[in-house]
Amino acid sequence: MVEFSRANAQAFIDEDDELDEEPGEEIDSAPPLNVGEEREINSNGLKKKLLKHGHGWETPEFGDEVTVHYVGILRDGTKSVSTRDKGEPFTFKLGQEKVSAGLDRGIVTMRKGEGALFTLPLETAFGSSDSDAVSSNSVFQFEVELVSWITVVDVCKDGGIIKKILEKGEMIGPPGDLDEVLVRYVVRLLDGITVAKTPEHGVEFYVKDGHFCQALPKAIKTMRKGEKVNLLIQPRYASVDRDKDSESSVPSIPPSSILSIDLELVSFKPVINVTGDLGVLKKILKEGEGTLTADEGAAVTIRYTAKLVDGTLLERRGFDGENALKFITDEEQVVAGLDQAVTTMKKGEHAIVTVKPDYGLGNTEVKRDLAMVPPCSTIIFEVEMLEFTKEKVPREMNKHERIQMAQRKKEEGNLLFKNGKYQRAMKKYEKATDCINEDEHFEDDDQKIVKSLRVSCWLNGAAACLKQNYFHEAIKQCCKVLEVESCNVKALYRRAQAFMETADLHLAELDIKKALAIEPQNREVKLIQKTLKQLQSESNKRDAKLYTTMFARLSNENSSAAKKLKVEETESKNEENVGEINMH
């Protein structure tokens with residue numbers, strides 16, 4: 001071995017080191033190391049002395065492939081091993097103890113380009129081959145420069161798809177099942193033979209539809225825009241789906257083949273499941289501005305085209321000097337699917353909106369501007385959000401404006417209720433009460449108006465809930481009324497209706513009795529009292545039948561048990577008699 005000189009360490013140190021600041025060691029929340037500072041970094045006695053700052057914040061993890069220069073030094077300064085003497089760095093997988101288990105634990109604290117001196121006890125110093133060359137009392141040191149590393153990901157956690165990140169992407173992604181992706185790839189066998197590749201411009205497909213082999217979409221769902229990777233794919237994930245593969249020139253690949261795929265996620269278009277049931281899908285072609293969206297009640301201006309799936313043009317608005325479409329969202333001024341999609345859009349956003357019949361024109365034939373729409377047709381809208389003005393929220397209004405807004409929303413809800421649109425009516429009543437919530441203080445004259453509005457909206461909301469069989473919500477709405485007006489007959493009547501539907505007959509009876517005590521001649525309450533008595537009678541009959549059956553079963557079981565006991569007693573006596581005869 002040769003004497004190690006401190007001059008060798010200069011290969012790890014920049015002239016500007018004294019001007020840099022360590023971004024921060026994420027080891028036990030310790031403060032960052034300064035150049036020349038040393039610290040014990042784990043409970044096994046491993047020490048780290050910073051020689052040169054690295055770049056960025058990221059550090060490698062166990063399982064990653066790291067490339068390092070290192071020099072091994074004994075305590076007396078003697079150099080033991082050196083990659084620099086060989087003229088090229090060493091690449092290995094962290095966690096496999098290729099050089100030293102202790103060294104692996106130190107490298108996971110380093111950033112790209114960082115230089116550090118690690119001091120570790122002998123028992124952790126060497127991996128497998130060189131430990132005999134070191135005295136048993138020596139403490140070993142490694143001077144390390146982390147040149148680079150490749151992040152390695154086990155995509156399916158079973159070793160079937162190993163992803164090595166060759167070039168990191170942007171902070172956009174990863175794509176989901178519904179998204180449309182544009183990728184470039186080259187597929188090779190392990191002997192280097194290319195068996196498939198995309199055109200230079202790449203290939204586009206929806207992740208959920210898959211492409212080439214089942215490993216591809218699985219890997220893509222872990223990638224970010226612009227990311228480049230190498231995939232090592234075991235045979236169980238490597239079989240080619242020729243029905244989905246667009247390249248007829250792909251040769252037959254043996255079932256046992258392991259594939260190596262160089263893959264780039266060029267870009268992707270997010271697809272939003274607007275309604276949650278795939279009834280309305282929005283594919284974003286161009287992101288909008290900022291974070292605000294044109295939510296419910298916004299005044300929007302859009303331009304769009306509407307087509308059938310076969311490309312038949314139905315409508316076109318806002319092009320070639322024609323006026324764009326203006327409407328208020330959530331007011332049924334356009335088909336429901338388009339309405340709901342527009343409420344998720346930002347200013348300047350450009351999207352393709354696919355609307356299934358349930359959210360479009362249904363199962364009837366409808367005439368549009370340029371063509372007839374057959375029954376049960378899916379409609380494809382290409383929409384651009386030009387501008388929108390959001391509806392004022394209560395916190396943006398003064399108290400007088402809040403009362404006016406609440407009155408208007410209540411009237412809109414009443415109109416919707418009369419037209420049988422109970423769900424939308426409920427939302428209007430809810431918006432009305434939000435404007436005049438109980439946390440806000442109003443003057444005495446206004447307080448009377450506000451109280452009356454709240455009660456009216458709660459009662460009407462309860463009626464809308466009953467129409468839609470939302471019985472528990474109806475009970476909640478009525479309870480709100482009864483908290484401020486304990487003798488409100490309408491609230492008692494509607495809560496009793498809901499209790500009857502939820503089989504809480506005793507509670508319904510209490511509400512009906514109280515309502516009749518207040519208004520003995522109320523016809524509607526008397527009618528549901530008759531209905532309640534019928535329900536109670538039917539319930540009593542069911543209970544009686546249930547108990548009769550139950551008691552009969554118990555009686556039969558007791559009878560069977562008695563018979564069995566009697567048989568056992570008889571058999572026992574017979575055995576005793578036989579025994580006596582034998583004795584005589």
Side-chain angles (χ1 to χ4, degrees), residues 22-27 41-42 48 52-70 83 88-116 118 127 142 144-176 179 181-188 190 207 213-234 237-238 258-268:
E22 171 72 4
E25 289 285 306
E26 297 180 345
I27 306 297
I41 61 173
N42 70 11
K48 175 181 177 181
K52 171 189 171 184
H53 289 295
H55 311 293
W57 290 89
E58 294 181 322
T59 58
E61 299 179 359
F62 286 106
D64 291 349
E65 285 188 2
V66 296
T67 299
V68 302
H69 270 300
Y70 69 89
T83 59
E88 61 181 32
F90 181 53
T91 298
F92 63 99
K93 188 173 182 178
L94 284 176
Q96 294 186 346
E97 303 183 9
K98 291 291 185 180
V99 179
S100 161
L103 185 59
D104 286 8
R105 296 188 187 101
I107 290 173
V108 295
T109 72
M110 299 180 72
R111 296 173 173 84
K112 184 177 179 180
E114 182 178 319
F118 294 101
F142 284 99
V144 180
E145 179 187 8
L146 179 56
V147 178
S148 64
W149 77 88
I150 295 175
T151 300
V152 180
V153 180
D154 186 348
V155 174
C156 296
K157 309 301 181 187
D158 61 0
I161 307 172
I162 301 299
K163 182 183 80 168
K164 295 182 180 180
I165 300 177
L166 307 178
E167 186 175 317
K168 293 188 176 181
E170 305 171 25
M171 295 302 290
I172 302 174
D179 296 345
V181 296
L182 174 64
V183 301
R184 284 194 287 261
Y185 62 78
V186 178
V187 184
R188 299 181 180 89
L190 288 187
V207 175
C213 67
Q214 61 173 303
L216 214 58
K218 292 179 183 294
I220 286 169
K221 287 194 291 184
T222 70
M223 297 174 67
R224 298 185 180 276
K225 179 182 176 183
E227 185 174 318
K228 295 180 181 180
V229 304
N230 174 262
L231 304 176
L232 188 66
I233 302 170
Q234 297 301 315
Y237 292 108
I258 297 174
L259 300 181
S260 174
I261 301 181
D262 289 328
L263 173 66
E264 178 185 2
L265 177 57
V266 180
S267 64
F268 69 94

Undergrad: So which atom in K218 and which in V155 form the shortest heavy-atom distance, rounded to 0.1 Å?
TA: O-CG1, 3.8 Å
Undergrad: Say whether, by atom type as modelled, one donor and one acceptor occur between the side chain of R224 and the main chain of G173 under 3.5 angstrom.
TA: yes
Undergrad: Which is it for L216 and I261 under the side chain to side chain contact (heavy atoms under 4.5 Å, CB included) test, yes or no, and what are the steps along the way?
TA: CA-CA 9 Å; L216 214 58; I261 301 181; 4.2 Å; yes
Undergrad: What I want to find out is whether R111 reaches E58 closely enough, with some N-O distance under 4.0 Å, to be called a salt bridge.
TA: no
Undergrad: Any carboxylate oxygen within less than 4.0 angstrom of a Lys/Arg side-chain nitrogen, looking at K112 and E145?
TA: no
Undergrad: Is there side-chain contact between I162 and V153, with heavy atoms separated by less than 4.5 Å?
TA: no
Undergrad: Could you check whether K164 and T151, counting side-chain N and O atoms only, form a donor-acceptor pair closer than 3.5 Å?
TA: no
Undergrad: The test is side chain to side chain contact (heavy atoms under 4.5 Å, CB included); show your working for V181 and I220 and say whether it passes.
TA: CA-CA 9 Å; V181 296; I220 286 169; 4.0 Å; yes
Undergrad: What's the spacing between L146 CG and K52 NZ if we round to 0.5 Å?
TA: 10.0 Å
Undergrad: Using side chain to side chain contact (heavy atoms under 4.5 Å, CB included), reason through S260 and N230 one step at a time and then give a plain yes or no.
TA: CA-CA 7 Å; S260 174; N230 174 262; 3.0 Å; yes
Undergrad: Mark yes or no for whether K168, through its side chain, and G226, through its backbone, hold a donor-acceptor pair below 3.5 Å.
TA: no
Undergrad: How long is the straight-line distance from NE2 of H55 back to CD of E114, given to the nearest 0.5 Å?
TA: 10.0 Å
Undergrad: Are any of the side-chain heavy atoms of M110 and V144 separated by less than 4.5 Å?
TA: yes
Undergrad: Are H69 and P89 close enough that some pair of their side-chain heavy atoms sits under 4.5 Å apart?
TA: yes
Undergrad: Only counting residues at least two apart or in another chain, list the ones meeting side chain to side chain contact (heavy atoms under 4.5 Å, CB included) with I258.
TA: L190, L232, Q234, P235
Undergrad: So, for C213 and A238, which heavy atoms are closest and what is the spacing to 0.1 Å?
TA: CB-O, 3.9 Å
Undergrad: Is there a side chain to side chain contact (heavy atoms under 4.5 Å, CB included) between F62 and R105? Walk through the geometry before answering.
TA: CA-CA 9 Å; F62 286 106; R105 296 188 187 101; 4.2 Å; yes
Undergrad: Please identify each residue that fulfils salt bridge (Lys or Arg N to Asp or Glu O under 4.0 Å) with D154, with sequence neighbours left out.
TA: none
Undergrad: Any side-chain heavy atom of L265 sitting closer than 4.5 Å to one from P174?
TA: no
Undergrad: Check D262 with R188, please: is the shortest side-chain N to carboxylate O separation under 4.0 Å?
TA: yes
Undergrad: Tell me, do E88 and T83 make a side-chain contact under 4.5 Å, heavy atoms counted?
TA: no
Undergrad: Which heavy atom of F118 sits nearest a heavy atom of I107, and at what distance?
TA: CZ-N, 4.2 Å
Undergrad: I'd like to check the side chain to side chain contact (heavy atoms under 4.5 Å, CB included) partners of K93; sequence neighbours left out, ordered by chain and number.
TA: Q96
Undergrad: Out of T91, T67, V66, L94, which residue meets the side chain to side chain contact (heavy atoms under 4.5 Å, CB included) rule with W149?
TA: V66
Undergrad: Using a strict threshold of under 4.0 Å (side-chain N to carboxylate O), is an ion pair present between E264 and K225?
TA: no
Undergrad: Restricting to side chain to side chain contact (heavy atoms under 4.5 Å, CB included), what partner residues turn up for E61, sequence neighbours left out?
TA: D64
Undergrad: If you measure from NZ on K48 to CD1 on I41, what distance do you get to the nearest 0.5 Å?
TA: 6.0 Å
Undergrad: Locate the shortest heavy-atom distance separating I161 from D158; write the atom from each residue and the value.
TA: N-OD1, 4.4 Å
Undergrad: Y237: what forms a ring pair (Phe, Tyr, Trp, His ring centres under 6.0 Å) with it, not counting sequence neighbours?
TA: none
Undergrad: Which residues pass the side chain to side chain contact (heavy atoms under 4.5 Å, CB included) test with L182, not counting sequence neighbours?
TA: E204, V266, S267
Undergrad: Going by heavy atoms in the side chains, are L263 and M223 under 4.5 Å from each other?
TA: yes
